Every structure is written in structure tokens, then in C-alpha cells.
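What follows is a single structure, written as C-alpha cells, with notes after it.
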Amino acid sequence: MDDRASDQHLVTAIRHAYEDGADGWASGPTPVYRRLAEALVRATPVPLVDRSVLDLGAGTGVASQALLDVGAHPVGVDLAESMLRHRQSQRPPGVVADAQLLPFAGGAFDAVVAAFSLNHLPDPAAGLAECRRVVRADGVVLASTFPADADHPAKSIVESVLVAFGYHRPDWYRTFKDRIAARTGDARQLGQAADRAGLVDTEVVREEVEAGLDRPELAVAWRLNMPHTIAFVAGLDPEVRARLRTRALAALSDDLPSTVPMLVLRARAA
Ligand SMILES: C[S@@+](CC[C@H](N)C(=O)[O-])C[C@H]1O[C@@H](n2cnc3c(N)ncnc32)[C@H](O)[C@@H]1O
């Protein structure tokens, strides 16, 4: 398979995983990502009140809600229609599209907020170039990723319990982790991708976000309802699933950190 075909293959696999995992995402990871989205919107270098903002990879709408809360006018875009359908009547308009080929005119928005979506693109610099295209001159691009060199311990602890029950990472997730998340999780490489996309005044900072993850129940719900775990968990016999959940809860210590680290990219279109 050539590079273009393998990129498209990965994007399709990611789309299917989120299409199928939307209900799980809404019930498990969403409360954690809500705190992360609120922190990302707080990190804006300019006030967003009355600004038109594209919520790139909007998912179940947590960044759109954080944007509404500060008086912005968000529009969502996501590859997975079922993610956009979550609470559809109570959230801003959403469009199904690939972040690498946005169906908007140049300069259509004052800002783009990309909460944990750039790290799903085979070529994050190309995605950032699309962000630059759709914001007006001097508009802002704000994005978050997880740092590759540090993470919340629940991720590896719950995964080792899953493995003991027969789980193995789906192919798309392995490719995603090794090929994309490793790069977007590195502050220097993330900044370089923004520079290559033609953005200016690029800054990448690391932040610890209070996400309430010292509660093992929340941490387990987060990890068992991710697009790369939910199909496995849902396929288990109910009694085995209950045992897996109990084992995962027991494996998490009482002194889990409540915070999760996040990289924040801030940049501007020239
Ligand atoms: C980790 S979730 C984050 C969702 C939401 N922004 C949040 O913070 O909760 C990543 C989202 O990006 C979307 N996504 C993945 N690849 C995409 C692409 N190529 N174009 C648009 N959206 C994409 C997924 O469908 C998913 O909703």
C-alpha cells in the first residue's frame, strides 16, 4: 500500500471506531474531556466572546459547550456523524467532514479550536494548514494533544487488566499511537508542524488539568469506553465484563493523580 492509501485506510478505520463508539464516548470519556476542553478554551490568547469558532473534531461537543460558555459562536466539524448526533438538538450546528479537507471558505472563522483531534490526522501539518486557511488573517488556532512522554497512570494500569482478559490493541490504534500521537505529543514537533503549516507566533505549553481522575470509577469508565477498547469490552459476556471492571477498579490505587497532562498549541494566521 502506498503512503496515500495507507493514510486513507487509517482515517477510515478511525472514522469507523468513533462512529461505533459514540455512545461509549458519551458515557465514559466525555466528563474527562469536558474538563480538558474547558482548560483549552481558557488558554486562548485572545478573548473569544462574539467570535466565530470552528470546533475541529467536535466529538460529543464539549469544546463547543466551553466556547458557548465564553460567549463564542461555535460550529462543529467531525468525521464521525454519530459523534455529532449526540445531544444534537442542544448544541451548535455540526458538519460531517474530514479535518484535512474542510468544506469552508478561506477566512470563514475568527478561530479554530481543535481539542484532541489533530492527533488523529496522518499529516497533522496538513490539518494545521487547513486550520490556517479557514481562519481570517490574524485569527487564532488553539489545539490540544496528550504529551507522549507522560500520561495518567490509569491508562497503562487499565490496559494491562484488559490484556489479562484477552484484549489487544486494534491495528488502527497501534498505527495511530506509533505514527501520529508520538509526533503530536512532542512539543517541539507539534510546534514545527504549525510552522510548516504557515502559522506564526507558535507557542506550545504543557499544562496539568484538574480532571477529577483521582476517582477510580471515573478513570475506569474513561478507559473502558475509548474507541479502541469499547468493542472488546462490549463483546464480553456480561459476567466477564463485570469481573473485568471490578479487577480494573481494584488495580487502581487510592492515590491516583486527579490531573492529566495536556499540550496546548497556540498560533496565529499571518
Ligand atoms: C479524542 S476525540 C475528541 C473529541 C472532542 N474534541 C473532545 O475533546 O471531547 C477525537 C475526535 O476527532 C474526530 N476525528 C478523528 N479524525 C478526524 C478527521 N480526520 N477529521 C475530523 N474529525 C476527526 C473523531 O471522530 C472524534 O470525535
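Whatever order the structure lists them in is the order used to number ligands and atoms, beginning at 1. All of these numbers come straight from a predicted model, not from anything done at the bench. Computed over heavy atoms, backbone and side chain alike; hydrogens, waters and symmetry mates excluded.
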query = Between the side chain of S258 and the main-chain N/O of A211, is any donor-acceptor distance below 3.5 Å?
reply = no

ask   = Just by distance, do the side chain of H152 and the backbone of P257 share a donor-acceptor pair under 3.5 Å?
value = yes

request  = Using salt bridge (Lys or Arg N to Asp or Glu O under 4.0 Å) as the criterion, list what pairs up with R87, not counting sequence neighbours.
outcome  = none

Pairs of nitrogen or oxygen atoms, one from ligand 1 and one from the protein, closer than 3.5 Å: please tabulate them with distances.
{"unit_1": "ligand 1", "atom_1": "6 (N)", "unit_2": "G57", "atom_2": "O", "d": "2.7"}
{"unit_1": "ligand 1", "atom_1": "6 (N)", "unit_2": "A115", "atom_2": "O", "d": "2.9"}
{"unit_1": "ligand 1", "atom_1": "19 (N)", "unit_2": "D98", "atom_2": "OD1", "d": "2.9"}
{"unit_1": "ligand 1", "atom_1": "20 (N)", "unit_2": "A99", "atom_2": "N", "d": "2.8"}
{"unit_1": "ligand 1", "atom_1": "22 (N)", "unit_2": "L79", "atom_2": "N", "d": "3.2"}
{"unit_1": "ligand 1", "atom_1": "25 (O)", "unit_2": "D78", "atom_2": "OD1", "d": "2.6"}
{"unit_1": "ligand 1", "atom_1": "27 (O)", "unit_2": "D78", "atom_2": "OD1", "d": "3.4"}
{"unit_1": "ligand 1", "atom_1": "27 (O)", "unit_2": "D78", "atom_2": "OD2", "d": "2.6"}

inquiry  = Please find the pair of heavy atoms, one from A97 and one from P103, that lie closest to each other, and give the distance.
reply    = CB-CD, 3.5 Å

Side-chain heavy atoms of V204 within contact of V264, under 4.5 Å = no

inquiry  = Under a 4.0 Å threshold between the charged nitrogen and the carboxylate oxygen, would R35 count as salt-bridged to E38?
reply    = no

